[in-house]
2 protein chains.
Amino acid sequence: MVSIYDIAKAAGMSAATVSRALADNPKISRASRERIHRIAEEMGYRPNLLARNFRQKSSSMIGLITDDVSDELSGMIAKGVEQALREHGFTMLVRNVHHDSEIEQEAIDYFGDMQMDGVILADSTLDALADVPKTKLPFVLINRYCSAEDPISIVCTDDFAGGYDATEYLIQLKHRKIAYINGPEDWYSSIRRLTGYTEALGKHEIGYRADYIKHGNWFEDSGYRLALELFRSDDPPTAVFAANDMMAIGVIDAARECGLRVPEDVSVMGYDDRTIAKYARPRLTTISLPMFEVGMMAGHALCEMIAKGQMPDGKSDRLLVRGKVIERDTTAPYKAEPTIASETAQDFNK
Amino acid sequence: MVSIYDIAKAAGMSAATVSRALADNPKISRASRERIHRIAEEMGYRPNLLARNFRQKSSSMIGLITDDVSDELSGMIAKGVEQALREHGFTMLVRNVHHDSEIEQEAIDYFGDMQMDGVILADSTLDALADVPKTKLPFVLINRYCSAEDPISIVCTDDFAGGYDATEYLIQLKHRKIAYINGPEDWYSSIRRLTGYTEALGKHEIGYRADYIKHGNWFEDSGYRLALELFRSDDPPTAVFAANDMMAIGVIDAARECGLRVPEDVSVMGYDDRTIAKYARPRLTTISLPMFEVGMMAGHALCEMIAKGQMPDGKSDRLLVRGKVIERDTTAPYKAEPTIASETAQDFNK
DNA sequence: TAAAAGCGTGCAATCGATTGCAAAATCGCA
DNA sequence: TGCGATTTTGCAATCGATTGCACGCTTTTA
């Protein structure tokens, strides 16, 4: 490998001059600069980034900690982060931690030891807030729960708004009997989406019914099971809003099972706008989760922190990103008489 | 930041001793070792990996170049690579190159400059073979085309076997009129899958029919369009095999459009086993692409190269990984009389 | 014409950890 | 008690690039 010393020798100058010339330092005469550049080129010189970064005490890299990049949504976050970083001249190093706090801690330590310039923690279910600060690295959180008082930067998707918008969209469609199949009760996002749902109902003076609220486990199967309960009840809803796309697909299965047509007899909405929403039949109406933007924002926020002050200071920067209703084929305006449909359902179940 | 010198001072020993003690070098007396470890712990010592790697001329990192990790399949590759690397004590750095050869070149250079120990190039459409070797980095390719003579390591999914297995599976189901909707003609994987298809037909002495072979563009829409042509022809196939899941879903749409039931009237197969295959209705029978395993193998192969010889030597290590038929709900045994169905189709289209 | 200012370059230290070699300390055994 | 053998430890160089400071030379200014 050729180093600046080799170039210095070839050029008959000192390594210091070579270093400055290659950095286009104006202190070096134009003639020398050009000559050195030429020689470096000829000799196939490549800077040793480890040496440089070591000397500079900074690696120009930031770390992204995620549970699993191969998940579609995390992948979008990674892309967004990467794009933002690129603009600032940083490189991204990803570590999957698979919901394992030990691995997460290891990753954070590694990033610190590598003199990374910052860390982004994407929606792990873990609570590493206690650990990161002690590494003295600038960091920002994505979709993690933290109280508004925590002195950290965080960017989140607006779950409240998502729940609200979805519900209001269904109300706009004249639905009044709107059921909600939520995620597990102890998930932060579940709680927020539920709040949005009830808020929207309240705003439009629609009674809140406990029997229209169910808690699933995010999986298709639970959506199916809970929707079956809803559809077979005495007073079935005319629209079902599920807290993610997988459960929504379960809801559609349940509707089919009960002989209900989607969207003619029941409207169904999902949440997340994953690829499966587009490929479901009928195509699923859902709420988009702008993960790419979220990643970008987190990336920019981090770069900004690095550029100026450094550490997460007293101010809690809380950025909320709002998704949109993605209107597809599982929702339709409510029409008065679903009687035929329910008869069909009975026939079907006989 | 506390360095080994700080520890040395605190312990009243030399930095050399501290370095060795922390590395558990048996040359250092047990007593000293333990004392130094304790002091290091107390002082919150963390090794500076940039310094270490710089000295060692190796970063213990390998780079993964992929078009886009947020793609489900690339994501699986990344996970596999990461797992393999973890076992060997390496860390993975991912760079998305988005099918851009300039970015790819930049990424390769960056990896070289960072003194990475190796590179894995995952299915980019580009031909960087000319560039990588000159960086003198060990590397392995994933799903890239290269002739058997190239002196490099490569791991691929076995497209030929996939095409063959899918076709044979349909033949097993007594289908004789099997159409194939391929990807673009100039894709290596398209060609191989097609060869597998024709080979399987030949093996079972089923005539090869040019009108049963179509070329799509991987997207849903092209599957739909081409399947429509097939179903409306004079002699429609009883089974359609599409070269990926997206097109297969288009095929199902086309079948529905023609009043054909899947799988009762036509069987449909996809390829890739993406998440959408599981969420399609009916659930799509398809060929799995064991990307996780592929990633693992590539990771291990690279680590092996790094561990022993280094550079890709004369021997071309070509590993083929075979997918499996994932049997779901879009395929069924052929039954003699689909006449009713085609009448329905005509009614439907009137 | 001498002093001041400016330009271009080199010296040498530095970042933190590792490691070959030599020196010092300890031990064993006669 | 003494000397070689063995165990522990330290010295100093090294990896490659960067940078504060100073030196020498040229140009400008008074």
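Quick note on labels: first sequence line is chain A, next is B, and so on, each numbered from 1.
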Mind calculating the distance between CD1 (A:I4) and P (C:dC11) to the nearest angstrom? 13 Å
Looking at CG of B:L49 and CG of A:D109, how far apart are the two atoms once the value is rounded to the nearest 0.5 Å? 10.5 Å
Apply side-chain contact (heavy atoms from CB on, under 4.5 Å) to A:S19 and list each qualifying residue two or more places apart in sequence or on a separate chain. A:I4
Within-4.5 Å side-chain heavy-atom neighbours: B:R30 and B:E34: yes
Which residues in residues 30-43 of chain A have at least one heavy atom lying under 4.0 Å from any atom of DNA chain C? A:S32
By the ring pair (Phe, Tyr, Trp, His ring centres under 6.0 Å) test, which pairs, at least two apart or in different chains, include something from residues 40-84 of chain A? A:F54-B:F54
Quick one: which protein N/O atoms are closer than 3.5 Å to N/O atoms of nucleotides 22-27 of chain C? Pair and distance per line, please.
none

Taking C:dT19, C:dA17, C:dC11 as options, the one with an atom nearest any side-chain atom of A:R20 is C:dC11
OG1/B:T91 to CG/A:L93 distance, rounded to the nearest 0.5 angstrom? 7.0 Å
Nearest-Å distance for atom pair CG/C1', residues A:D24 and D:dT19: 17 Å
Can you name the side-chain hydrogen bond (donor to acceptor under 3.5 Å, both in side chains) partners of B:N25, sequence neighbours left out? none
Most 5' of B:V2 and A:I28 on DNA chain C, judged by nearest nucleotide: A:I28
First locate atom NE2 of A:H98, then atom OG1 of A:T66, and finally report the distance between them rounded to the nearest 0.5 Å. 9.0 Å
Of all residues at least two apart in sequence or in a different chain, which pass the side-chain hydrogen bond (donor to acceptor under 3.5 Å, both in side chains) check with B:E42? B:R38
Let me check something: any side-chain donor-acceptor pairs from residues 110-122 of chain A under 3.5 Å, sequence neighbours excluded? List them with distances.
from   : atom 1 : to    : atom 2 : distance (Å)
A:D113 : OD1    : B:R46 : NH1    : 3.2
A:D113 : OD2    : B:R46 : NH1    : 3.0
A:D117 : OD1    : A:S58 : OG     : 3.3
A:D117 : OD2    : A:S58 : OG     : 3.3
A:D117 : OD2    : A:S60 : N      : 2.7

Enumerate the residues from residues 48-63 of chain A whose closest heavy atom to DNA chain D is under 4.0 Å, giving them by residue number; use none for an empty result. A:N48, A:A51, A:R52, A:F54, A:R55, A:Q56
Going by ring-ring contact (aromatic ring centres under 6.0 Å, His included), name the residues that satisfy it together with A:H37, two or more places apart in sequence or in a different chain. none
Expressed in angstrom and rounded to an integer, what is the separation of A:D113 atom CG from C:dG16 atom C1'? 13 Å
Roughly how far, to the nearest 0.5 Å, is CD of A:E104 from CZ of A:R95? 11.5 Å
Ignoring backbone atoms, test whether B:Y5 places a side-chain nitrogen or oxygen under 4.0 Å from the OP1 or OP2 oxygen of C:dT14. no
Let me know the distance between NZ of A:K9 and C1' of D:dA17, rounded to the nearest Å. 16 Å
Can you pull every protein N or O that's under 3.5 Å from an N or O on nucleotides 25-27 of chain D?
none

Any B:S14 side-chain nitrogen or oxygen under 4.0 Å from OP1 or OP2 of D:dG10: yes
Ionic contact status for A:D71 with A:R274, cut-off 4.0 Å: yes
Between D:dA17 atom C1' and A:M1 atom CE, what is the distance in whole Å? 16 Å
How many Å lie between CG on B:N25 and C1' on D:dT7, as a whole number? 12 Å
For B:E72, all residues meeting side-chain hydrogen bond (donor to acceptor under 3.5 Å, both in side chains), sequence neighbours excluded: B:T275
Rounded interatomic separation in angstrom, taking CG from A:D6 and C1' from D:dC15: 13 Å
What's the closest nucleotide to the side chain of B:S29 if the choices are D:dT9, D:dA17, C:dG16? D:dT9
Name the nucleic acid region contacted by B:S3, choosing base, sugar-phosphate or nothing; use a 4.0 angstrom heavy-atom cut-off, strictly under. sugar-phosphate
From D:dC11, C:dG16, D:dT19, pick the nucleotide closest to the side chain of B:A16? D:dC11
All side-chain hydrogen bond (donor to acceptor under 3.5 Å, both in side chains) counterparts of A:R86, not counting sequence neighbours: none
